[in-house]
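Computed from a predicted model, the values in this text were never measured in an experiment. One is the number of the first residue; the rest follow in order along the sequence.
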Amino acid sequence: MNKHVTLFSAFLTVIGTVMAAGGDGDILKSKVETQTSTVQQSPQALHIAYRPTFKPATWHPLQAAANGLTADFSILGGTSQVEVWSENFDTDLSQWTINNEVNSGWGPVTVELASSSNKREAFSVYDENDVTSLHIDGDYRVSKRNTAYVTSGSIQVPANAQFHAYVGYTEWEECGLYISVSTDDFETQTELWNSKNSTISNWAWHKIDADLSAFAGQTIKVRFTYGEGTKSNYGIGGYLGDFYVDGVSITGVTSVESITVTTGEEINFVDLSAGTPTSWQWSFPGATPATSTEQNPTVIYEHPGTYDVTLTVTDAEGSDVVTKTSFVTVEGVGPVAGVEWPCDFRDLTTRLRMVAPFAPVTYRDASTGFPTAFSWTFLSEYDNTGGIITPTVYTDKDQTYQHEKLNKYFVTHIAQNETGYDYVDDQVQVQFEGMVTNFQPEDGYQTNFVDGDLTLPGANKMGITAWAEKISKPAAPVVMNALYVNFTKASAEELTDQIASVSFYLYTSDNGMPGEPIDLLDSWTLSELNYAMTTNNGIVTIELSHPYVLEDEVFIVIDGIPEKNDNLECAIAMAPMRSFGNTAFMCRNGVWRPFTGYFQAAPGGQTSLAVFPVFTYSVLVPANVDDENRVTLADDLLEVGAQAGTAEKTVFANRGVQYVGSNAAWCRLTGEPGDETVDVLHIEYDALPEGVTSREAIITVTDADAVSTLNIHVVQSGTATGIKEMRNEYGEMSDAIFTLDGRRVVDGQMSKGIYIKNGRKVVIK
């Protein structure tokens with residue numbers, strides 16, 4: 001075991017309070033509840049830090065081929081970047097051609113040099129010597145909309161060129177800014193960037209980077225076009241909004257002898273070979289990928305060290321090769337530990353992720369920084385007996401675990417590599433049922449943001465027609481038997497608004513966005529919503545026609561809120577905006593998108609809507625029950641003798657048990673399952689036929705609504721239990737693990753001893 005894990009475990013203590021019935025979080029046998037439960041309650045700049053070092057003693061100079069083909073390479077960005085043209089807009093616009101009244105008679109667009117300091121952020125933050133920026137501003141009157149062009153002089157483009165610029169703006173539906181280049185005075189042009197492809201409601205500077213390698217050796221002009229936004233103005237142009245432009249440059253690439261990066265950083269290699277090679281063969285020992293035939297490949301290094309790079313170039317007459325010894329020095333970076341939890345929704349009361357008792361739930365590693373070793377610990381708050389606790393440590397990358405106690409569990413995950421380690425220390429709530437939310441533990445309730453176009457989230461004039469809240473895949477199948485939504489406003493003066501139908505849907509998930517409707521859950525008029533929320537502190541109860549079984553990620557969608565006007569108010573509560581954990585989505589102009597980066601600059605603008613389903617986990621597992629009715633997990637294997645008889649198998653089902661059937665006529669369930677969470681199944685079997693040494697059968701039961709299924713494996717043998725081949729329900733060799741007495745165990749939870757897997761002995765030393 002790694003020393004960091006040992007030290008961490010040695011000092012890990014858990015202080016808990018007794019909260020569950022039974023006093024220690026034990027799950028007790030009880031009656032199955034049959035009634036519906038009531039619960040109370042933008043493009044980024046390249047930041048690779050390439051640092052040149054002295055030429056190593058083993059560096060090999062380039063050897064020119066007879067035909068002039070000479071292999072050489074460099075990297076894109078950092079110290080290899082050479083500026084060949086730039087414009088900071090600090091003096092005048094004499095080098096630019098300005099056409100700011102393209103559509104005569106409509107009204108000019110303002111093109112000037114001005115400071116952006118009256119906005120949210122002056123460009124001096126990026127350039128301390130900044131004086132002014134290019135400012136392009138449309139008239140606020142729709143009748144004065146127009147198009148404007150600001151065009152540079154001629155620029156010679158080197159090989160492997162990149163375009164860079166900063167544009168300061170907020171999202172304007174009525175106008176847009178486009179950056180394009182042309183080699184023929186804009187008879188034709190290539191668009192490099194378009195503000196319509198970016199959405200941001202708060203003013204900010206955006207770093208623009210674009211590839212110009214296709215224009216190598218050519219002469220181009222750069223143009224900034226002020227024109228239409230996302231709302232079409234019939235090709236006339238834009239109005240109302242403005243843009244600032246600064247820090248414009250075009251860079252090329254020069255050769256470097258070595259670079260220094262950190263693990264995980266992308267390195268963009270650039271071919272600088274002389275001549276006209278037709279093929280390239282790269283060798284990157286220690287990198288991913290280790291080889292490439294691309295002209296300009298991209299690689300990463302996962303481990304610290306010093307690495308050589310070799311390039312072989314070939315043309316019709318021959319080839320040339322260069323090896324730069326110790327070209328890449330990779331500095332190690334410790335990992336950042338992360339966990340993909342069994343589910344993301346949380347119990348509303350504790351604000352902890354709500355996972356199922358007994359059911360196998362999987363915790364997955366989501367660490368970054370290329371960890372090579374992992375550990376997990378799971379501690380119930382009732383595990384503390386005073387003093388230091390040394391928990392069981394699991395060392396797989398991902399861990400499946402079954403929580404045998406109710407209430408809070410402490411989950412610790414450690415990830416480490418050659419450089420260091422990091423850990424996540426969090427808690428989950430283990431319970432069968434609860435009202436759930438996506439609100440984070442520190443979240444309060446945000447009423448609403450209101451301006452002339454928007455009540456957030458709610459009525460608006462921005463083309464937002466529906467709102468949605470993402471509900472993650474549950475840790476085990478759940479039954480949604482109730483749904484509540486917290487409205488903060490729902491009133492209207494106009495009759496057409498009062499009778500507008502606000503509908504609540506359950507949607508599928510399609511790549512993390514709302515997909516297709518599963519079912520219409522309920523519909524309310526605005527006046528009905530107003531009455532319901534004013535008589536119940538804003539909480540609206542959505543009437544479900546039947547319980548819904550959920551096994552995958554879904555969305556709760558609220559659709560049909562009338563368009564905002566002076567006599568209408570309608571809004572839903574939400575969590576305050578944050579920079580992580582967004583679960584709120586909106587359908588704008590027919591397209592779904594997350595809140596992230598829209599109402600605030602990314603990564604801000606993330607939130608969750610006040611949508612609260614009531615979930616009941618479906619749990620059906622083999623069980624043991626002691627004299628005090630405490631329930632613990634058992635295996636699903638039942639061994640019986642050669643003579644006919646009846647055997648018992650105990651199961652736990654928080655939603656009742658139903659018999660499905662048997663796959664063998666000689667073995668069957670007798671009697672009716674009871675109405676308690678713990679039920680004893682009576683399994684009847686015939687005598688083992690003469691000449692048959694053993695046989696197997698599967699008894700299948702489900703819980704209510706067949707949400708969960710349990711297979712009881714019955715093995716009948718004429719000899720004492722020993723090493724034998726266990727087969728699954730399809731007759732295939734089982735890869736489950738058994739003790740010598742036939743008891744199934746979980747991989748990773750085995751002490752020293754002899755076990756059976758795939759019909760063979762496995763010795764754990």
Side-chain angles (χ1 to χ4, degrees), residues 43-53 55 59 61-62 64 68-90 95-96 126-127 129 151-167 179-184 189-193 206-224 245-261 265-278 280 282 292 294-299 309 311 313 315 320 322 324 327-328:
Q44 299 295 315
L46 186 65
H47 293 299
I48 297 179
Y50 297 103
R51 293 176 286 279
T53 58
K55 181 172 67 176
W59 182 74
L62 302 177
L69 181 67
T70 305
D72 191 14
F73 61 86
S74 187
I75 51 88
L76 192 64
T79 56
S80 73
Q81 187 169 282
V82 179
E83 191 174 273
V84 297
W85 174 86
S86 66
E87 175 63 80
N88 290 321
F89 298 111
D90 285 336
Q95 303 301 310
W96 295 79
Y126 303 93
D127 178 4
N129 299 315
T151 308
S152 74
S154 297
I155 306 165
Q156 188 70 27
V157 180
N160 303 296
Q162 296 283 302
F163 173 86
H164 314 280
Y166 287 86
V167 180
I179 304 176
S180 56
V181 297
S182 175
T183 59
D184 55 11
Q189 58 186 304
T190 300
E191 185 178 279
L192 301 181
W193 179 81
H206 295 253
K207 181 68 166 61
I208 313 301
D209 296 291
D211 184 20
L212 293 180
S213 58
F215 299 93
Q218 300 183 66
T219 300
I220 66 168
K221 291 183 179 180
V222 176
R223 172 172 285 181
F224 301 99
V245 181
D246 215 326
V248 184
S249 66
I250 293 176
T251 58
V253 174
T254 188
S255 181
V256 294
E257 297 176 0
S258 62
I259 60 172
T260 301
V261 298
E265 287 188 71
E266 284 192 346
I267 308 173
N268 299 304
F269 281 88
V270 175
D271 169 48
L272 295 183
S273 301
T276 55
T278 55
W280 299 261
W282 297 82
S292 177
E294 296 180 11
Q295 183 178 6
N296 300 311
T298 298
V299 305
V309 175
L311 170 62
V313 292
D315 63 12
D320 190 51
V322 60
K324 295 190 178 182
F327 181 75
V328 181

For a 4.5 angstrom cut-off between non-hydrogen side-chain atoms, does [X] reach [Y]?
{"X": "Ile220", "Y": "Ile250", "answer": "yes"}
{"X": "Ser213", "Y": "Gln295", "answer": "no"}
{"X": "Thr251", "Y": "Phe163", "answer": "no"}
{"X": "Leu192", "Y": "Leu212", "answer": "yes"}
{"X": "Val253", "Y": "Val82", "answer": "no"}
{"X": "Asp271", "Y": "Leu311", "answer": "yes"}
{"X": "Leu69", "Y": "Val313", "answer": "yes"}
{"X": "Val261", "Y": "Ile267", "answer": "yes"}

As a quick check of understanding, evaluate side-chain hydrogen bond (donor to acceptor under 3.5 Å, both in side chains) for Gln162 and Asp211, giving each step before the final call.
CA-CA 5 Å; Gln162 296 283 302; Asp211 184 20; 3.0 Å; yes

Should the heavy atoms of other residues, nucleotides or ligands under 6.0 Å from CD of Glu83 be counted, would the total exceed 12?
yes

Do [X] side-chain atoms and [Y] backbone N/O form a donor-acceptor pair below 3.5 Å?
{"X": "Gln156", "Y": "Gly217", "value": "yes"}
{"X": "Thr254", "Y": "Ser80", "value": "no"}
{"X": "Lys207", "Y": "Val167", "value": "no"}
{"X": "Trp282", "Y": "Glu294", "value": "yes"}
{"X": "Asn268", "Y": "Asn296", "value": "no"}
{"X": "Ser273", "Y": "Asp72", "value": "yes"}
{"X": "Ser182", "Y": "Gln189", "value": "no"}
{"X": "Asn88", "Y": "Asp90", "value": "no"}

Thr219 and Val157: side chain to side chain contact (heavy atoms under 4.5 Å, CB included), yes or no, with the steps?
CA-CA 6 Å; Thr219 300; Val157 180; over 6 Å; no

Looking only at heavy atoms, which two atoms of [X] and [Y] are closest? And how far apart?
{"X": "Trp85", "Y": "Ser152", "value": "CZ2-CB, 4.4 Å"}
{"X": "Ala159", "Y": "Ala216", "value": "CA-CB, 3.7 Å"}
{"X": "Phe327", "Y": "Glu257", "value": "CD1-O, 3.0 Å"}

SB check Asp184 Lys221 (cutoff 4.0 Å):
no

Nearest-0.5 Å distance, [atom1] of residue [X] to [atom2] of residue [Y]:
{"X": "Leu76", "Y": "Asp209", "atom1": "CG", "atom2": "CG", "answer": "9.5 Å"}
{"X": "Ser154", "Y": "Gln95", "atom1": "OG", "atom2": "CD", "answer": "11.0 Å"}
{"X": "Asn160", "Y": "Gln81", "atom1": "CG", "atom2": "CD", "answer": "12.0 Å"}
{"X": "Thr183", "Y": "Gln218", "atom1": "OG1", "atom2": "CD", "answer": "5.5 Å"}

Start with the C-alpha gap between Trp280 and Phe269, add the side-chain angles, then the distance that decides, and say whether ring pair (Phe, Tyr, Trp, His ring centres under 6.0 Å) holds.
CA-CA 12 Å; Trp280 299 261; Phe269 281 88; over 10 Å; no

Could you walk me through whether Arg223 and Thr151 satisfy the side-chain hydrogen bond (donor to acceptor under 3.5 Å, both in side chains) test, starting with their C-alpha distance in whole Å, then the side-chain angles of each, then the deciding distance to 0.1 Å, before giving a yes or no?
CA-CA 4 Å; Arg223 172 172 285 181; Thr151 308; 2.9 Å; yes

Using the ring centroid of each side chain, check whether Trp193 and Phe224 are separated by less than 6.0 Å.
no

Working note: Val270 + Phe73, criterion side chain to side chain contact (heavy atoms under 4.5 Å, CB included); need CA distance, chi angles, decisive distance, verdict.
CA-CA 6 Å; Val270 175; Phe73 61 86; over 6 Å; no

